2 protein chains.
Amino acid sequence: MAINKKEEFTVEEQELAEFAKAIAHPARIAILKVLAQKQSCICGEIVEVLPLAQSTVSQHLKELKNAGLIQGTIEGAKSCYCIDPEKFRRFRTTFDTLFALVKNSGCC
Amino acid sequence: MAINKKEEFTVEEQELAEFAKAIAHPARIAILKVLAQKQSCICGEIVEVLPLAQSTVSQHLKELKNAGLIQGTIEGAKSCYCIDPEKFRRFRTTFDTLFALVKNSGCC
DNA sequence: AATGTATATCGCAAATATACGATAGGATTT
DNA sequence: AAATCCTATCGTATATTTGCGATATACATT
């Protein structure tokens with residue numbers, strides 16, 4: 001049981017689900033907001049602002065990076081994370097495709 | 001460990017995370033598409049189309065219902081599910097608020 | 001009343017996510 | 001060179017999600 005059946009859906013469905021999962025936690029939304037506001041990309045500042053341990057924040061950053069919504073590069077001793085607006089546009093396009101289908105759906 | 005820290009974020013962040021979680025699985029996206037296309041709301045047809053057991057589909061429907069993205073009413077012996085466009089608009093608005101912050105975010 | 005049909009829920013197993021402390025390793029500072 | 005700082009990763013505990021079969025329930029049909 002609990003076999004992974006995700007592969008049996010379309011690529012678009014899987015892609016949108018992946019994006020959605022990336023922002024399916026308030027901590028990760030908060031991280032994105034911090035990155036957007038600061039315009040710069042200091043990891044340590046995120047840890048300071050969030051009510052989570054450093055290791056937990058690092059894990060959330062990794063998930064956002066895996067989904068492609070942020071990029072991370074090593075900047076000397078520190079790590080520099082920043083939003084990938086391109087991927088975010090793709091996220092919105094994919095979501096809007098679903099929304100377009102759904103928005104005029106009548107109810108019984 | 002693994003204490004739930006979600007409460008420590010803003011209501012908006014929690015709300016968007018909830019919506020996102022609802023569509024964070026390809027099966028649930030597929031269900032929404034079926035409901036949107038058919039315009040009517042027959043649960044049995046969803047089970048036929050998806051590569052999942054009836055009980056699993058029922059569970060996914062429950063999660064979509066909990067998130068408010070669909071409504072479900074008992075229609076005789078059958079159950080009638082349909083999309084709630086109002087909630088979906090709210091989803092999009094909440095997402096767009098994040099997107100607006102993020103879209104012009106420069107990178108290092 | 002008995003049978004069949006449709007759907008929800010229970011109980012379980014496996015997988016994944018969440019969270020932390022400890023630790024490792026690479027820079028920077030002293 | 002040693003100490004310190006920053007961040008990633010490992011190990012671990014717990015919680016949640018995913019999936020199914022079996023069962024219960026509610027209506028429909030015979």
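Source: prediction; values computed, not measured. Below, read A as the first sequence line, B as the second, and so on, with proteins coming before strands; counting in each chain starts at 1.
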How would you label the contact of B:Lys21 with the nucleic acid (heavy atoms, under 4.0 Å): base, sugar-phosphate, or nothing?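 Sugar-phosphate, no base atom in range.
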Applying a 4.0 Å non-hydrogen cut-off, can you work out what B:Leu52 is touching in the nucleic acid: base, sugar-phosphate, or nothing?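 Contact class for B:Leu52: sugar-phosphate only.
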Electrostatic pair B:Glu13-A:Lys33, nearest N-O below 4.0 angstrom: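 A salt bridge links B:Glu13 with A:Lys33.
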Could you tell me whether B:Glu15 and B:Arg90 have a side-chain N and a carboxylate O separated by less than 4.0 Å?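 Yes.
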Classify the ring geometry between A:Phe88 and B:Phe95 as parallel (under 30°), tilted (30 to 60°) or perpendicular (over 60°).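 Rings of A:Phe88 and B:Phe95: parallel, under 30°.
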In terms of relative ring orientation, are B:Phe91 and B:Phe19 parallel, tilted or perpendicular, with 30° and 60° separating the classes?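 Ring orientation, 0 to 90° scale: parallel.
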Walk along nucleotides 22-30 of chain C from 5' to 3' and tag each nucleotide B, S or - by protein heavy-atom contact under 4.0 Å, base first, then sugar-phosphate. B----S---
Let's see if you can work this out: which of [options] has an atom nearest to the side-chain heavy atoms of [X]?
| X | options | value |
| --- | --- | --- |
| A:Ser58 | C:dC20, D:dT17, D:dA8 | D:dA8 |
| A:Gln59 | D:dG19, C:dA19, D:dT9 | C:dA19 |
| A:Ser79 | D:dT7, D:dT18, C:dA8 | D:dT7 |
| B:Arg28 | C:dA19, D:dG21, D:dT18 | D:dT18 |

Distance in angstrom units between [X] [atom1] and [N] [atom2], rounded:
| X | N | atom1 | atom2 | value |
| --- | --- | --- | --- | --- |
| B:Lys5 | D:dT14 | NZ | P | 16 Å |
| A:Lys6 | D:dT17 | NZ | P | 12 Å |
| A:Ile29 | C:dT18 | CD1 | C1' | 15 Å |

For a quick test of reading the model: is some side-chain N or O of A:Tyr81 closer than 4.0 Å to OP1 or OP2 of D:dC6?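 Checking D:dC6 against A:Tyr81, no side-chain N or O comes under 4.0 Å of OP1 or OP2.
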